[in-house]
Amino acid sequence: MRFLLIGISIFASIVSEGQKSDLSWYKMLQGKIDKYPVTMHLHKAGPSYTGYYYYDNQQQPIYFSGDDTTEKGTVRLYAYSSDVNNEQFSFTVADKTASGTWRKSDSSRQLTFTASEASLPLSFQYIYSEGETKLLPKAKESPVATYEGSAVWPVEKNATADFVRREIRKSFAEKDPGGEIGGLLLKNKKKFFEDYRADNGDLKEADLEEGGISYNYDLSERLQIAFQSPKLVCLAFTTYSFTGGAHGNYGTTYTSLDLTRNKALEVKDVLNAQGLKALQRLLERNFRRQFNLKDTDPLSEGGLFEDHIKPNNNFYVTSKGIGFSYVPYEIGPYAMGEVNIYIPLKDVQAYLLPAFKSLIQ
């Protein structure tokens, strides 16, 4: 091999299938913020925590991230509900319960947060791998490539769990129909490091005097649960990549799974023909709601490139709504980030197909 997997050149941690460990896990927590029922899909990988939570009366997933090292023994999360509010959770997890506080922003008052681990219709492990390698091991200040990968992985051995495992492999563009997720993450990490050295094989230490930081590559790929009910699971596959240039690229791809038919849903499995025709109007109406635009305001005043929003295939469903996600540059500038438009169920109730209605009843 062209580089050594020893010392500080690369460090790796992987929790594999069947191994019991407190280093990584996935928990679905159900409880309350003050008097408001909430559900949290909490994923732990070492000291890092990521995932989604939502208010049960809306079920609009809100992404969060955090750690348990900022304050020892306490999980600190920041939830990104809007540009102006970074909600904050601070709580402890003991056995199957979480207790602590929540606040809407730095200046708002704290409310109590309590939750208990819920029994899952489909149980998951959370597997992760991480590592880094130096480009010039002998250099005093060498650029590095850093990798982190993680994914939920069904525990059960049945047809539904096998179906979900196949969909997870598809998210990672894995063609092996029987491969385990731990081996897949290790393979992706190895390939990323090999490509890093191949792309920069001619670099000399003298080349680092100008723009050396641009040779620090990063790849992150996480597959997590954004929503789960007895008949539905929504997977969120988030990637971030920096391989030189002005900034990295990132985005989230959603996959909604019908656990009763072992089927990945398309929009046409959710809405009838009239609903499909109404989607653009509904997306534009709810974008205006989210960005406080009047009905007569052009969408470009909300930051979009154009004054219309066409549906795409990157969508998710919950029992209370349907959301469409657009990656940076798809309909708005990079600075706008991902654009996530959530349509409440009441807006599409008349268009729902009977088969989909059966999943959310």
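- Thr112 is linked by a side-chain hydrogen bond (donor to acceptor under 3.5 Å, both in side chains) to nothing, counting only residues two or more places apart in sequence or in another chain.
- When the ring pair (Phe, Tyr, Trp, His ring centres under 6.0 Å) test is applied to Phe242, no partner is found at least two apart in sequence or on another chain.
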Considering only distance and modelled atom types, tabulate donor-acceptor pairs under 3.5 Å from the side chains of residues 29-43, sequence neighbours left out.
{"unit_1": "Thr39", "atom_1": "OG1", "unit_2": "Asp56", "atom_2": "OD1", "d": "2.8"}
{"unit_1": "His41", "atom_1": "ND1", "unit_2": "Tyr26", "atom_2": "OH", "d": "2.8"}
{"unit_1": "His41", "atom_1": "NE2", "unit_2": "Tyr54", "atom_2": "OH", "d": "3.0"}
{"unit_1": "His43", "atom_1": "ND1", "unit_2": "His41", "atom_2": "O", "d": "3.3"}
{"unit_1": "His43", "atom_1": "ND1", "unit_2": "Thr50", "atom_2": "O", "d": "3.2"}
{"unit_1": "His43", "atom_1": "NE2", "unit_2": "Ile225", "atom_2": "N", "d": "3.1"}

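- Within the structure, ring pair (Phe, Tyr, Trp, His ring centres under 6.0 Å) contacts touching residues 56-79 (residues at least two apart or in different chains) are Tyr52-Tyr63.
- Taking the side-chain contact (heavy atoms from CB on, under 4.5 Å) definition, one finds that Thr97 meets it with Ser116, sequence neighbours left out.
- Evaluation of the side-chain hydrogen bond (donor to acceptor under 3.5 Å, both in side chains) rule for Thr70 yields Asp67 as partners, not counting sequence neighbours.
- Qualifying side-chain contact (heavy atoms from CB on, under 4.5 Å) partners for Asp307, counting only residues two or more places apart in sequence or in other chains: Pro298, Leu299, Ser300.
- Screening residues 248-285 for ring pair (Phe, Tyr, Trp, His ring centres under 6.0 Å) gives Tyr250-Tyr334, Tyr254-Tyr316 as the qualifying pairs, with residues at least two apart or on separate chains.
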Donor-acceptor contacts, no H, no angles, side chain residues 345-361, under 3.5 Å, sequence neighbours left out:
{"unit_1": "Asp347", "atom_1": "OD2", "unit_2": "Asn286", "atom_2": "ND2", "d": "3.3"}
{"unit_1": "Asp347", "atom_1": "OD2", "unit_2": "Arg289", "atom_2": "NH1", "d": "3.1"}
{"unit_1": "Ser358", "atom_1": "OG", "unit_2": "Ala355", "atom_2": "O", "d": "2.5"}

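- Considering only residues two or more places apart in sequence or on other chains, Lys187 meets the side-chain contact (heavy atoms from CB on, under 4.5 Å) condition with Glu174, Leu184.
- Evaluation of the salt bridge (Lys or Arg N to Asp or Glu O under 4.0 Å) test over residues 155-164, restricted to residues two or more places apart or in two chains, returns Asp162-Arg165.
- Take Thr239 and apply the side-chain contact (heavy atoms from CB on, under 4.5 Å) test, not counting sequence neighbours, and it matches Glu221, Phe237.
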